[in-house]
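Below is one structure, written out as structure tokens, with a few remarks after it.
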Amino acid sequence: MERVQSLIEEGVGRSADRLGKLSRTQWGVMSSSTSEMPAVRLLSWFQRAKEDHVAATLRASGDIPTEAVLIFSAKSATAVADAVTQPWAERMKALPNLVELTIGEVSNILAQSIIGALADQFEKTVILSVPEVARGPKVDLMARALERYDGRKDLLLMSHVEMYSTDLAADCAMVLIVDSATLQALVKAQPV
């Protein structure tokens, strides 16, 4: 678990440069408190948040079957969208779903960086799907993502991700749904 946590943190760190290039400003991105969590506890915890959230879900089949779900509060989603699109604000303000499009792209960068760190470490190929973005209560967004979850074989890893730049302070909940047997086999096959 420590190695996986370390790789998640490395991947989150990698995303800062890519987000900086996207928004033409320096970003800081950090992950904290990554832990394995039962689905029931996760849903119970998310049930407390009643306000609207924006979530992006990305899937990868292949060498490391994974699903990444990034859930932002509506306030954080708007702050991230404003920070990312600020250099092009005048041209982009006409887009009716700017927040959702931006969260999809930011989530893609975060997920690609994290899954990329795992893939690089274990010398595997992982290609993520296009992000599916939805808006609604946090628990509903997570429940939708868990439709393909199988408690007998999947592992849920939850991490709190904080993002900051010159005019940004935002955070999101990131949940990785990983095939447990595949992850254990990869870790065991590669001694520390």
Side-chain angles (χ1 to χ4, degrees), residues 1 3-5 7-12 15 31 33-74 76-77 80 97 99-161 171-189:
M1 191 60 171
R3 282 184 68 198
V4 172
Q5 287 174 337
L7 290 169
I8 289 171
E9 289 173 19
E10 178 187 327
V12 168
S15 69
S31 163
S33 64
T34 300
S35 58
E36 184 178 349
M37 190 167 288
V40 172
R41 193 164 114 211
L42 184 67
L43 290 171
S44 173
W45 188 28
F46 283 6
Q47 179 70 37
R48 297 179 195 154
K50 302 295 183 194
E51 68 277 3
D52 240 14
H53 283 72
V54 180
T57 303
L58 301 97
R59 287 178 199 80
S61 52
D63 292 345
I64 308 174
T66 309
E67 189 162 340
V69 185
L70 293 100
I71 304 177
F72 297 79
S73 69
S76 283
V80 168
N97 54 349
V99 171
E100 287 81 0
L101 289 170
T102 306
I103 290 303
E105 185 57 30
V106 168
S107 296
N108 187 37
I109 289 169
L110 283 163
Q112 291 282 356
S113 298
I114 292 160
I115 303 303
L118 289 167
D120 290 350
Q121 176 68 39
F122 301 119
E123 299 176 351
K124 298 295 178 188
T125 301
V126 178
I127 298 172
L128 285 168
S129 67
V130 172
E132 295 173 16
V133 182
R135 188 180 279 266
K138 195 173 188 178
V139 70
D140 292 351
L141 295 168
M142 193 66 232
R144 206 171 306 145
L146 288 174
E147 287 174 0
R148 288 166 299 283
Y149 168 76
D150 183 344
R152 297 166 297 179
K153 66 178 191 69
D154 291 331
L155 179 68
L156 284 178
L157 299 173
M158 197 339 228
S159 186
H160 183 80
V161 178
D171 60 353
C172 74
M174 180 184 65
V175 178
L176 296 178
I177 304 169
V178 187
D179 181 81
S180 180
T182 301
L183 194 58
Q184 286 178 359
L186 291 170
V187 171
K188 285 179 185 173

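No hydrogens, no waters, no symmetry mates; every other heavy atom, side chains included, goes into these values. Here, residue 1 is the first one in the sequence, and each next residue gets the next number.
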**OP:** Before giving the answer on side chain to side chain contact (heavy atoms under 4.5 Å, CB included), spell out for Ile64 and Ile115 the whole-Å C-alpha distance, their side-chain angles and the decisive distance to 0.1 Å.
**Re:** CA-CA 9 Å; Ile64 308 174; Ile115 303 303; 5.8 Å; no
Could you state the interatomic distance from [atom1] ([X]) to [atom2] ([Y]), rounded to the nearest 0.5 Å?
| X | Y | atom1 | atom2 | value |
| --- | --- | --- | --- | --- |
| Ile71 | Leu141 | CD1 | CG | 5.5 Å |
| Glu100 | Thr102 | CD | OG1 | 9.0 Å |
| Ser107 | Leu128 | OG | CG | 11.0 Å |
| Ser15 | Ile109 | OG | CD1 | 8.0 Å |
| Trp45 | Leu42 | CH2 | CG | 7.5 Å |
| Thr57 | Arg144 | OG1 | CZ | 8.5 Å |

Close side-chain approach of [X] to [Y], heavy-atom, < 4.5 Å:
| X | Y | result |
| --- | --- | --- |
| Val161 | Leu70 | no |
| Leu110 | Met174 | no |
| Asp63 | Phe122 | no |
| Ile177 | Leu146 | yes |
| Val187 | Val4 | yes |

For a quick test of reading the model, state the closest non-hydrogen atom pair linking [X] to [Y] and the distance between them.
| X | Y | answer |
| --- | --- | --- |
| Glu67 | Ala145 | OE2-O, 3.2 Å |
| Ser113 | Gly11 | CB-O, 3.0 Å |
| Asn108 | Pro131 | CB-CG, 4.0 Å |
| Ala117 | Leu7 | CB-O, 3.5 Å |

Let me have the donor-acceptor pairs involving side chains of residues 47-54, under 3.5 Å, with sequence neighbours excluded, atom names and distances please.
unit_1: Lys50; atom_1: NZ; unit_2: Gln47; atom_2: O; d: 3.1
unit_1: His53; atom_1: ND1; unit_2: Glu51; atom_2: O; d: 2.9

What residues form a side-chain contact (heavy atoms from CB on, under 4.5 Å) with [X], not counting sequence neighbours?
| X | answer |
| --- | --- |
| Ala119 | Val126 |
| Asp179 | Pro65, Lys153, Asp154, Ala181, Thr182 |
| Glu36 | Met1, Leu155, Leu157 |
| Ser35 | Met37 |

Subject >> All pairs passing salt bridge (charged side-chain N to carboxylate O under 4.0 Å, His left out) where residues 103-125 contributes a residue, at least two apart >> reply: Arg14-Asp120
Original post:
Under 3.5 Å, is there a donor-acceptor pair between the side chain of Ser44 and the main chain of Val40?
Top reply: no
